[in-house]
Each structure stands twice: as C-alpha cells, then as structure tokens.
Amino acid sequence: MLIILTILQAPEYVSFQKGDWPISGEKIPDMVALTMGFSVQEDLSWPGLQAGPLFQRPKANVLVVVRGVDNLALPQSVASYPLENPVPFTLDSVAETVHSLFAEDTPVVLQLAPSEERLYMLGKANAVFEDLPVTLQQIRARLSQDGSVLAALPLNALSRNAEADLLFLSEVQVLHDITALLQRHRHLAKDHSPDLYSLELSGLEELGRRYGQDSPQYRDATSILANVLQKFGQDVFGLYGDSAVVEVVTVKNFEAPLTRKSRSILESKQISNPGSPYNLAYKYNFNYAVIFNIVLWLMILLALAVIIISYNLWNMDPGYDSIIYRMTNQKIRLD
C-alpha cells in the first residue's frame, strides 16, 4: 500500500525540504500543528519540515485526503513524501487548539467528508458556511443549479445519472463552493486568526470499486481531480495572500474505518472540556510551561530587586548618602 503526502502550496517561510523522507500517518496532525506555529506534545523528528520564523506563520492550513488512488499526477507541487503506518487520522487536536486560542475571533475550522455526510465545525464563522451542501441530496441538487461544475468539467466517460459518478462530482462541487464562499467573504482570510480545513474525498474509491481502476471512468476522474485540486490549491493560496499551506494525501484505503460524530453546522457552543461529563477543566494546557516560566522568572527578578534595594538602604550612611541629612547637618553647624 502506498500513501503519498504532497505539499501542494506553501509560503516561502514554511520550509519543506525535498527528499525521500517518510513520515508516519499518525504524525500528520503534529506536522499541521507545527506549520501553523502551535506546540505539540512530542517533538517531530522529521527532516522534511524545518523551523521557520517565530513571528511569521501561515494564515490557513488545508489538508485534502483522497482515498482510492496511489498517487495523483499533480501538475505542480512543492514537495512529496511517502507515508508510513497508514492509519486513519484526524485534525481534531489542531481544531481544538485553534478554537481555544482564537475563540473570540472568527477562525474557520471546517472538517468535511461529503461521501459520509460528516461535518465538523467550530467557531463564529459557521454562519458563512451554512449554505454549503453537506448531504448527498443537497449536493445533487446543487449540481443541477446555475454555476455548477458540470458545465465546466470534461465529463467524457463519466455519467450524470450513475450513483458513483455523482458522488465523485459532488465532491468536486464542494471544493468549488468552498473557494466561492471564501471569495464572497474575504474578511475571513484577512483576520488575525488562522483557519483550518480538513477534507476527505472518497469518490475515486467508489469509482474504482464500481468500474475498476482500469476503466475509462476511473482514468477520467483521476485526471479531473488532479486538475481540480491544483486549481483549488492555487485559489486558496491566493485568497489568503500567498500565506496558506495546502497538503494532499493520497491513499488506496485505510486499514481501519474512520468514524466521527457529526455536529451541527451552526454549533458554536464553547465547552471548557468536551470530553468530561462533569464540565471539568483540562488537566493540562500546552501553554502551561510558557506561563509558568514567565511567572517564575518575573517573581525571581522582583525578589532580587527587593533584596538589593533593601541591602543598599540598610547600609546607607545618612551623613553622606542622603542629601536631607547632609543639609540638616550644615544648618545645625551654622546655628
């Protein structure tokens, strides 16, 4: 089984080194977190990503997982790496970090799988994507409306009536609608909060299961998806002012099924600890070490300042070190 991680777009200050360095699939969330400037629990000992400027981080990270294909012939890319340990992964930890650090802003946190009708959103920017088609019924209705991708795509062997073909075309439509919504709401790409997109596409997997990987339908869909992803990456990269990272992961199929509990598209309720039924606080915060060091060294400096000042006051000679006593002594002598 072959899994490829392709860096489709990245700004210059996010340095991806070209080389045949494999990365474990379970480390993908850590890599995404590091590109966005967040800390991780364990250091990522992977030479493919080098440390960038501390105060210059991308405004968005977009990860697209394509199931059912070994590798896509993408026209242009920054770098590609093989992936080991093909286990399902999610960006839930990165999403929670974005939401907890920028809860008062309008970060876009969108995790979507159209084939399984799964939607996971956080933040105040949800209302912008409330018109985004999620269920297959909504997406099929969107394909029949004005401005759908059917009018622009060379379908060739693909059919507008077959179930598997419509699933693939619906995923292409979702990619188109995401960039269209961002173009209408450009303020989301210009604020100070980073955005996170995680999209899972399995239309090719269904086409390969239905027609076979040697079928003209599968070959045409592979070519279409490669061009669509290339344009999608360029559009997102341009909307964020050339300050976004776009990754594509291609995998035949994962070893275990990936499930996620669906959430309402308008849900923005903030819970201190969603995993606790008693609404307890988190046991550990990644910012704890930073805050602890700031408070510790500040208290040490203040304590040293108090000790030094007290020592100097205790050993001060009033007749020589104080102008008040010096003037008083002179006045007494004159009298």
Under 3.5 Å, side-chain donor or acceptor atoms of residues 291-314 against the rest of the protein: list the pairs with distances, not counting sequence neighbours.
| unit_1 | atom_1 | unit_2 | atom_2 | d |
| --- | --- | --- | --- | --- |
| N293 | ND2 | A289 | O | 2.7 |
| S310 | OG | V306 | O | 2.7 |
| N312 | ND2 | I308 | O | 3.2 |

Under the side-chain contact (heavy atoms from CB on, under 4.5 Å) test, residues paired with S15 that sit two or more places apart: Q17, Q50
Nearest-0.5 Å distance that lies between atom CG in L112 and atom OG in S198: 9.0 Å
Qualifying salt bridge (charged side-chain N to carboxylate O under 4.0 Å, His left out) pairs, either residue in residues 211-225, two or more places apart: none
Salt bridge (charged side-chain N to carboxylate O under 4.0 Å, His left out) partners of residues 297-307, not counting sequence neighbours, each pair once: none
Residues which pass side chain to side chain donor-acceptor pair (under 3.5 Å) with Y240, listed by chain and number, not counting sequence neighbours: D195, Y197
Sequence-distant partners of H187, ring pair (Phe, Tyr, Trp, His ring centres under 6.0 Å), two or more places apart: H185
Sequence neighbours left out, cut at 3.5 Å: what donor-acceptor pairs do the side chains of residues 157-168 make with other protein atoms?
| unit_1 | atom_1 | unit_2 | atom_2 | d |
| --- | --- | --- | --- | --- |
| S159 | OG | N161 | N | 3.1 |
| E163 | OE2 | R140 | NH2 | 2.4 |
| D165 | OD1 | Y211 | OH | 2.9 |
| D165 | OD2 | S159 | N | 2.7 |

Salt bridge (charged side-chain N to carboxylate O under 4.0 Å, His left out): pairs with one or both residues in residues 177-190, sequence neighbours excluded: R142-D177
Residues forming a side chain to side chain donor-acceptor pair (under 3.5 Å) with E12, sequence neighbours excluded: none
With sequence neighbours excluded, residues passing side chain to side chain donor-acceptor pair (under 3.5 Å) with D242: none
Atom pair CG (L91) and CG (L196), whose distance is rounded to the nearest 0.5 Å: 5.5 Å
Qualifying salt bridge (charged side-chain N to carboxylate O under 4.0 Å, His left out) pairs, either residue in residues 35-45, two or more places apart: K27-E42
Sequence-distant partners of S193, side chain to side chain donor-acceptor pair (under 3.5 Å), two or more places apart: D191
